[in-house]
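A, B, ... follow the sequence lines: proteins, then strands. Residue 1 opens every chain. Note that this is a predicted model, so its numbers are computed, not measured.
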Number of protein chains: 2
Amino acid sequence: MKLDNIDKRILRILQREGNIQNNELAKKVGLSPSPCLRRIKILEDAGFIKQYVALLDKKTINKQLIVYVRIKIDIANTSSAAIERFIYEVKLLSQIQECYVMAGENDFLLRVLCTDLEEYRNFQVNTLALLPGVCNIKTEIPLQVVKWTTEIDI
Amino acid sequence: MKLDNIDKRILRILQREGNIQNNELAKKVGLSPSPCLRRIKILEDAGFIKQYVALLDKKTINKQLIVYVRIKIDIANTSSAAIERFIYEVKLLSQIQECYVMAGENDFLLRVLCTDLEEYRNFQVNTLALLPGVCNIKTEIPLQVVKWTTEIDI
DNA sequence: GATGAAAGCTTGTCCTA
DNA sequence: TAGGACAAGCTTTCATC
């Protein structure tokens with residue numbers, strides 16, 4: 001499916017203002033409400049728009065600490081079932097926002113959100129370290145968030 | 001400000017369904033529409049809710065390649081003005097979704113989104129490498145996204 | 001926190017280019 | 001094939017209890 005310029009403008013606006021009213025969006029892209037809504041539905045059905053979410057403020061919620069965690073798996077001694085279980089657990093843990101299988105090495109990269117270092121330390125010792133197959137954990141901590149956006153350039 | 005259980009349920013739902021109707025949300029948390037809407041406004045005004053966004057599908061948009069880029073800055077030969085300019089440019093570049101100042105080393109961590117490796121290669125050579133102060137670029141590429149969410153545990 | 005009413009939005013149908 | 005007009009049915013939203 002090919003996106004025309006109006007579709008692209010709709011997607012750009014919705015990426016910034018997911019709760020904009022159809023009325024107002026229509027005005028912004030120069031359509032009347034009906035065809036605008038029709039386009040939105042098509043974009044949703046075609047899978048371009050995956051989800052609408054509210055983004056919360058980490059500071060206000062008091063989950064300020066981002067930790068990037070690199071977990072090495074002991075491949076030699078870990079069954080694929082254990083890795084499946086690792087993945088299953090990761091998906092359940094609410095502190096873990098992101099998890100990637102990295103190229104090149106036998107490891108996972110996690111983005112973890114915590115209140116403070118003490119909370120993270122507990123999480124690492126009592127939870128992460130106990131996941132199946134884990135043989136090494138390295139952490140990296142951002143001091144400052146220069147940029148953060150969910151927007152994708154269309 | 002202290003959140004009660006209803007506030008927390010509202011925030012949890014909005015993090016998954018940012019476009020839910022107030023009517024329906026009110027039903028889910030066991031309130032009538034007016035006090036529910038009042039709470040949402042309070043949560044927005046108090047800064048708990050930062051933004052509503054539509055999340056697009058990377059694959060459908062054809063920006064499938066995530067690259068984590070570690071950029072080392074030549075601190076000895078880079079003025080603070082140059083670093084300011086680096087940060088300014090990073091904010092403008094739409095391929096860069098995230099940028100952090102990392103603890104411990106003189107470097108930045110970037111999350112970059114591209115169509116494919118060729119596009120990334122061009123971006124690195126023609127854009128990233130030319131930013132002020134850059135003296136070293138290392139890339140890491142996720143093979144698989146195991147988990148990705150914007151949700152914060154409340 | 002609930003109710004009820006006014007204003008405004010959404011959304012479907014049908015018509016036009 | 002795509003946009004516009006219109007109208008019915010909802011939602012939102014606010015004052016009042």
Atom-to-atom span, [atom1] of [X] to [atom2] of [N] - whole angstrom:
{"X": "A/Lys41", "N": "D/dA2", "atom1": "NZ", "atom2": "C1'", "answer": "18 Å"}
{"X": "B/Leu31", "N": "C/dT3", "atom1": "CG", "atom2": "P", "answer": "12 Å"}
{"X": "B/Leu25", "N": "D/dT13", "atom1": "CG", "atom2": "C1'", "answer": "15 Å"}
{"X": "B/Asn19", "N": "C/dC9", "atom1": "CG", "atom2": "P", "answer": "18 Å"}
{"X": "A/Asp7", "N": "D/dT1", "atom1": "CG", "atom2": "P", "answer": "16 Å"}
{"X": "A/Asn5", "N": "D/dA2", "atom1": "CG", "atom2": "C1'", "answer": "16 Å"}
{"X": "A/Ile6", "N": "D/dG4", "atom1": "CD1", "atom2": "C1'", "answer": "13 Å"}
{"X": "A/Lys27", "N": "D/dG4", "atom1": "NZ", "atom2": "P", "answer": "14 Å"}

Is [X] salt-bridged to [Y], going by a charged N under 4.0 Å from an acidic O?
{"X": "A/Glu119", "Y": "A/Lys63", "answer": "yes"}
{"X": "B/Arg70", "Y": "B/Glu140", "answer": "no"}
{"X": "A/Glu17", "Y": "A/Arg12", "answer": "no"}

Practice item. Show your reasoning for whether side-chain contact (heavy atoms from CB on, under 4.5 Å) applies to A/Ile152 and B/Lys58. Key: CA-CA 8 Å; A/Ile152 299 174; B/Lys58 289 197 299 294; 3.9 Å; yes

**Study point:** Expected output: side-chain A/Lys147 to main-chain B/Gln97 donor-acceptor under 3.5 Å
**Key:** no

Point to revise | Short side-chain to backbone donor-acceptor contact, B/Gln51 and A/Arg16, under 3.5 Å | key: yes

So, [X] and [Y]: side-chain donor and acceptor under 3.5 Å apart, yes or no?
{"X": "B/Tyr88", "Y": "B/Glu84", "result": "no"}
{"X": "B/Glu118", "Y": "B/Tyr120", "result": "no"}
{"X": "A/Tyr52", "Y": "A/Glu44", "result": "yes"}

Review point. Looking at residues at least two apart in the chain, or sitting in another chain, which of them share a salt bridge (charged side-chain N to carboxylate O under 4.0 Å, His left out) with B/Arg39?
Key: B/Asp4, B/Asp7

Check your understanding: Between A/Leu128 and A/Leu130, does a side-chain contact (heavy atoms from CB on, under 4.5 Å) hold up when you go through it step by step?
Key -> CA-CA 5 Å; A/Leu128 288 184; A/Leu130 307 182; over 6 Å; no

Exercise for review: Applying side chain to side chain donor-acceptor pair (under 3.5 Å), name anything that partners A/Lys72, two or more places apart in sequence or on another chain.
Suggested key: A/Glu105

Practice item. Determine, for nucleotides 5-12 of chain D in 5'-to-3' order, which nucleotides have protein heavy atoms under 4.0 Å from the base (write B), from only the sugar-phosphate (write S), or from neither (write -). Key: BB----SS

Revision key, fill the gap. Double-helix bend of the helix from C/dG1-D/dC17 to C/dA17-D/dT1, axes at both ends from 5 pairs, round to 10°, gives 30°

Pull out every protein N or O sitting under 3.5 Å from an N or O of nucleotides 15-17 of chain C, one pair per line with the distance.
none

Review point. When you measure from every atom of DNA chain D, which of residues 43-52 of chain B have a heavy atom less than 4.0 Å away?
Key: none

Review point. Under 4.5 Å between any side-chain heavy atoms of B/Val69 and B/Ile71, yes or no?
Key: yes

